[in-house]
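Every chain is numbered from 1 and lettered A, B, ... according to where its sequence line falls, protein lines coming before strand lines. These numbers come from the heavy atoms of this one structure, side chains and all, not from hydrogens, waters or symmetry mates.
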Amino acid sequence: MNLIELIKQPWPWYVAGPLIGLTVPALLILGNKSFGISSSLRHVCAACMPANIPFFKYDWKKEMWNLFFVAGILVGGFIAAHFLANPEPMVVHPDLVADLANYGITDYSNLVPIQLMNWEALITPRGFVMMVVGGFLVGFGTRYAGGCTSGHAIMGLSTLQWPSLVATICFMIGGFTMVNVILPYILSL
Amino acid sequence: MLQQPTDTTTEQQVAENTDFEVRSLDAMSVNESRIEHKWYDNLKYMVVGILFGIVFVKAEIVSWFRIQEMFKLQSFHMYGVIGSAVMVGVISVFLIKKFKIKTIDGEEITFHPKTFNKGQIIGGLLFGLGWGITGACPGPLFAQIGTGATAIIVTLLSAIAGTWVYGLLRDKLPH
């Protein structure tokens with residue numbers, strides 16, 4: 001197997017995890033920046049619609065680096081999907097496959113479940129909850145918590161801050177509750 | 001090339017202080033560089049973002065299915081990713097502190113302790129619920145759009161709206 005073929009395979013956790021961890025020192029050494037992604041959403045609000053809300057009245061241009069960073073993530077996603085894509089469908093746990101088949105989800109060609117999240121689905125109750133309500137909770141919750149998986153779980157825990165541990169535990173409790181208790185009802189909509 | 005701002009008036013300083021107060025409550029960078037940077041200096045962060053985005057997609061971290069597996073305890077993958085990322089992060093921060101490593105511009109690297117408030121619990125739970133639905137935290141949303149899942153633009157816009165509504169209601173919410 002040559003190198004390109006190897007790169008096109010899904011990367012194991014022990015390759016991806018350390019690379020993501022290295023983002024922390026990379027941003028610190030490049031310019032004393034704390035790793036955090038959800039702040040970018042706040043900067044967009046501050047830049048586009050501050051509406052005289054004190055929380056959005058700050059010089060967002062000083063945080064421009066964060067917007068360049070997330071723009072980079074988008075470009076990285078494009079590069080990986082178009083030049084380094086794995087031609088095979090995703091390998092998913094058989095129990096999950098069986099479970100999702102009950103809700104008509106059978107397409108594993110994409111990282112995003114395209115049968116659940118697409119433009120046409122947006123006007124259905126299920127699609128609306130999945131995309132609009134879900135997105136709203138992500139944006140509202142991360143800002144309320146003062147960070148997301150990157151700012152709290154990775155940067156916060158890397159600097160051994162206990163409030164970040166509390167936040168991370170709450171992220172997990174919320175996720176477990178949604179996936180195991182609430183989501184079956186949403187998928188049945 | 002250290003430059004002190006020379007044209008700062010008292011009014012501006014006051015405005016900046018309020019700014020700092022609002023911002024320091026949050027997980028955003030409060031480390032303001034004293035060095036004047038040109039806009040294109042930010043491209044280095046874009047390069048980090050690109051590499052980060054490639055890892056996100058190639059390790060399927062941005063996959064809704066992997067997040068479902070994580071919360072159903074059907075796969076170790078995501079736990080391995082987050083756990084090893086934190087371990088590398090802890091070691092890196094330890095080394096930066098121990099050897100007082102400076103930035104490439106020679107500035108000191110600083111860390112700001114996060115203060116606890118109820119938001120980390122309430123907001124954390126709300127974000128967790130959203131994470132379970134969308135299968136994506138804010139970073140993966142950008143990567144998913146990059147892979148060509150254009151409908152996720154709606155999810156991202158909704159997340160921006162959520163952030164905006166939080167800003168609007170902030171004073172009325174328990175912290």
Side-chain angles (χ1 to χ4, degrees), chain A residues 11 13 16-21 24-25 28 32 37-39 41 45 53 55 58 65 68-70 72-74 76-78 80-81 92-93 111-113 118-119 131-132 134-149 151 157-158 161 163 166-167 170-171 174-175 178-179, chain B residues 19 27-29 31 42 45-46 49-50 53-55 57-59 63-65 71 74 77 80-81 84-86 88-90 92-93 103 109 114 116 119-120 123-134 137-139 142-143 146-147 149 151 154-155 158-160 162-164 166-167 170:
Chain A
W11 298 2
W13 64 264
L19 286 174
I20 290 172
V24 170
L28 287 170
N32 198 14
I37 294 174
S38 60
S39 307
L41 306 177
C45 291
I53 298 168
F55 191 61
Y58 60 91
W65 75 273
F68 275 81
F69 181 64
V70 295
I73 296 177
L74 197 144
F78 178 86
V92 176
H93 195 281
L111 295 176
V112 174
N118 60 65
W119 290 102
M131 290 188 271
V132 178
F136 189 90
L137 284 170
V138 169
F140 187 90
T142 51
R143 200 71 274 119
Y144 198 171
C148 61
T149 334
L157 293 185
S158 293
Q161 308 207 42
V166 173
C170 292
F171 298 165
M178 174 53 69
V179 167
Chain B
D19 191 26
M28 63 199 299
S29 168
N31 314 332
N42 284 317
Y45 302 111
M46 194 166 181
I50 290 173
I54 292 174
V55 176
V57 171
K58 284 315 300 171
S63 166
W64 184 84
F65 302 103
F71 287 128
Q74 291 169 336
H77 187 75
V81 167
S84 57
V86 171
V88 169
V90 169
S92 309
V93 170
T103 70
I109 292 175
K114 292 190 201 326
F116 176 73
Q120 280 132 15
L125 290 170
L126 291 173
F127 163 54
L129 294 172
W131 192 12
I133 300 179
T134 62
C137 16
F142 291 98
T147 65
V154 176
T155 313
S158 192
I160 293 169
T163 302
W164 192 85
Y166 167 72
R170 187 166 211 249

Of all the heavy-atom pairs spanning [X] and [Y], show the shortest one and how long it is.
X: A:Ile20; Y: B:Val55; answer: CG1-CG1, 3.9 Å
X: B:Gly123; Y: A:Ala145; answer: C-CB, 3.8 Å
X: B:His77; Y: A:Trp11; answer: CE1-O, 3.6 Å
X: B:Phe65; Y: A:Leu111; answer: CD1-O, 3.8 Å
X: A:Cys45; Y: B:Ile160; answer: SG-O, 3.5 Å
X: A:His93; Y: B:Gln74; answer: CD2-O, 3.2 Å

Donor-acceptor pair, [X] side chain versus [Y] backbone, under 3.5 Å?
X: B:Thr147; Y: A:Gly77; answer: no
X: A:Gln161; Y: B:Lys114; answer: yes
X: B:Thr163; Y: A:Gly139; answer: yes

What part of B:Val93 lies closer than 4.5 angstrom to a heavy atom of chain A: side chain, backbone, both or neither?
side chain

How many angstroms lie between atom CH2 of B:Trp131 and atom CE of A:Met178, to the nearest 0.5 angstrom?
13.5 Å

Rounded distance [0.5 Å steps], CG in B:Leu125 versus OH in A:Tyr144
10.5 Å

Between B:Thr134, B:Leu129, B:Val154, the one whose heavy-atom pairs under 4.5 Å with chain A are most numerous
B:Leu129

Residue from B:Ala159, B:Ala143, B:Gly132 scoring the most non-hydrogen pairs under 4.5 Å with chain A is B:Ala159

Determine the option with the most heavy-atom pairs under 4.5 angstrom with chain B, choosing from A:Leu74, A:Ile37, A:Thr149.
A:Leu74

Out of A:Leu157, A:Val70, A:Asn118, A:Val166, return the one with the most heavy atom pairs under 4.5 angstrom to chain B.
A:Val70

Can you check whether [X] reaches [Y] side chain to side chain, under 4.5 Å on heavy atoms?
X: B:Ile133; Y: A:Phe136; result: no
X: B:Tyr166; Y: A:Thr142; result: no
X: B:Phe127; Y: A:Val138; result: yes
X: A:Val112; Y: B:Trp64; result: no

Ring centres of B:Tyr45 and A:Phe68 under 6.0 Å apart?
no

If I measure from the heavy atoms of chain B, does A:Leu19 come under 4.5 Å with its side chain, its backbone, both, or neither?
side chain

